[in-house]
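Some notes on the structure that comes next.
In what follows, every heavy atom counts, from backbone to side chain, and hydrogens, waters and symmetry copies are set aside. When a ligand or atom number is given, it counts from 1 through the structure's own listing order.
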Amino acid sequence: MSKVADSPADYKAPKNLLRDKVILVTGAGSGIGRQAALSFAEYGAEVILSGRNQQKLESCYDEIVASGHKEPALYTVDLHCAEEQPYLELAGTIEQTFGRLDGLLHNASLLGERKAIENQSVSSWLEVQQVNLNGGFLLTKSLLPLLRQTENASVVFTSSSVGRKGRAYWGAYAVSKFATEGLMQVLADELENTSTIRVNSINPGATNTEMRKTAYPAEAPDSNPDPIEIMPAYLYLMGKDSIGVTGQALNAQ
Ligand code: NAP
């Protein structure tokens with residue numbers, strides 16, 4: 001395993017870093033996922049936009065096309081779905097359309113209820129685990145055969161500081177992020193000697209998005225960086241300079 005860049009947050013991506021790469025981004029309709037899709041496209045990737053809201057995905061699609069980047073593909077996938085079949089169908093469609101997959105950014109998540117564990121509703125708890133953890137597992141499992149066929153594919157899970165150190169009232173969300181780190185570590189270990197796929201997690205850090213505003217309603221939105229400012233670490237993880245880095249929990253800030 002090679003050394004992680006000293007500071008992925010300061011990474012300077014070369015212009016064509018992601019040329020000829022096909023990268024799927026979940027939650028590409030808004031926030032960090034939307035920006036990651038735009039940035040991956042800007043650096044040359046063909047991006048597969050996935051999310052649960054078709055209109056938001058179309059708006060991201062339009063911006064990528066208007067910027068003169070490669071035309072993205074768009075697939076509506078609701079990670080609330082716990083059946084395997086739709087994920088397998090998505091994998092089949094990607095294989096037929098592109099014949100490859102170089103990158104998978106698990107970005108979509110739900111915040112859920114900010115309450116003490118004893119006050120969490122069971123339905124909200126289960127929904128958060130399904131979307132933040134189980135959906136990512138199902139999507140990864142269905143796409144692994146395709147990722148294996150590509151030389152040096154990169155899988156990136158999105159974590160949080162509360163997925164690395166527990167904090168009161170972060171409930172289901174924090175637990176889902178701890179489990180996501182676990183999934184990342186187990187998968188990275190399994191794949192390290194059996195494939196060229198690298199698997200890492202990224203903690204975006206406080207970033208100016210709808211989720212952050214919901215979690216911290218009293219905070220001034222401009223006190224945190226916009227999604228575009230945290231993109232160097234995302235580009236680092238998707239591009240060739242992170243080849244050999246696997247099983248690592250990285251920070252985007
Ligand atoms: P966001 O703006 O709320 O975006 C979350 C995305 O997840 C949205 O595109 C949302 O789709 C999608 N999503 C939610 N439920 C889904 C479902 N059932 N199926 C498919 N997609 C679904 O939040 P963000 O701040 O950009 O968060 C991006 C990632 O960074 C998350 O994993 C979050 O936990 C993590 N993070 C963020 C911060 C921060 O300060 N912003 C800090 C630490 C970690 P809709 O647009 O349809 O709602």
Under 3.5 Å, N/O to N/O: give me all the pairs between ligand 1 and the protein, one per line with atom names and distance.
unit_1	atom_1	unit_2	atom_2	d
ligand 1	7 (O)	Ser109	N	3.3
ligand 1	9 (O)	Gly27	O	3.3
ligand 1	9 (O)	Ser30	OG	2.9
ligand 1	18 (N)	Asp78	OD1	2.8
ligand 1	19 (N)	Leu79	N	2.9
ligand 1	25 (O)	Thr209	OG1	2.5
ligand 1	26 (O)	Ile32	N	2.8
ligand 1	32 (O)	Asn107	O	2.7
ligand 1	32 (O)	Ser109	OG	3.0
ligand 1	32 (O)	Lys177	NZ	2.9
ligand 1	34 (O)	Tyr173	OH	2.5
ligand 1	34 (O)	Lys177	NZ	3.0
ligand 1	40 (O)	Gly205	O	3.4
ligand 1	40 (O)	Thr207	N	2.9
ligand 1	40 (O)	Thr207	O	3.4
ligand 1	41 (N)	Thr207	O	3.2
ligand 1	41 (N)	Thr209	OG1	3.0
ligand 1	46 (O)	Ser30	OG	3.1
ligand 1	46 (O)	Lys56	NZ	2.7
ligand 1	47 (O)	Arg52	NE	3.0
ligand 1	48 (O)	Arg52	NH2	2.8

- request: Tell me whether Met238 is reachable from Leu104 by hopping between hydrophobic residues (I, L, V, M, F, W, Y) whose side-chain heavy atoms are closer than 4.5 Å.
  value: no
Show the atom names and distances, to 0.1 Å, of all donor-acceptor pairs under 3.5 Å that link a side chain in residues 28-40 to residues at least two apart or in another chain.
unit_1	atom_1	unit_2	atom_2	d
Arg34	NH1	Ser59	OG	2.8
Arg34	NH2	Glu63	OE1	2.4
Gln35	NE2	Ser39	OG	2.9
Ser39	OG	Gln35	O	3.2

What pairs of donor and acceptor atoms, side-chain ones from residues 18-26 against any protein atom, are under 3.5 angstrom apart with sequence neighbours left out?
unit_1	atom_1	unit_2	atom_2	d
Thr26	OG1	Asn107	N	2.8
Thr26	OG1	Ala108	N	2.9

field: Within-4.5 Å side-chain heavy-atom neighbours: Lys141 and Glu84
entry: yes
message: Parallel, tilted or perpendicular: which one describes the rings of Tyr216 and Trp170, with boundaries at 30° and 60°?
response: tilted
Under 3.5 Å, sequence neighbours excluded: what are the donor-acceptor pairs made by side chains of residues 74-83?
unit_1	atom_1	unit_2	atom_2	d
Thr76	OG1	Gln54	OE1	2.8
Asp78	OD1	His80	N	2.9

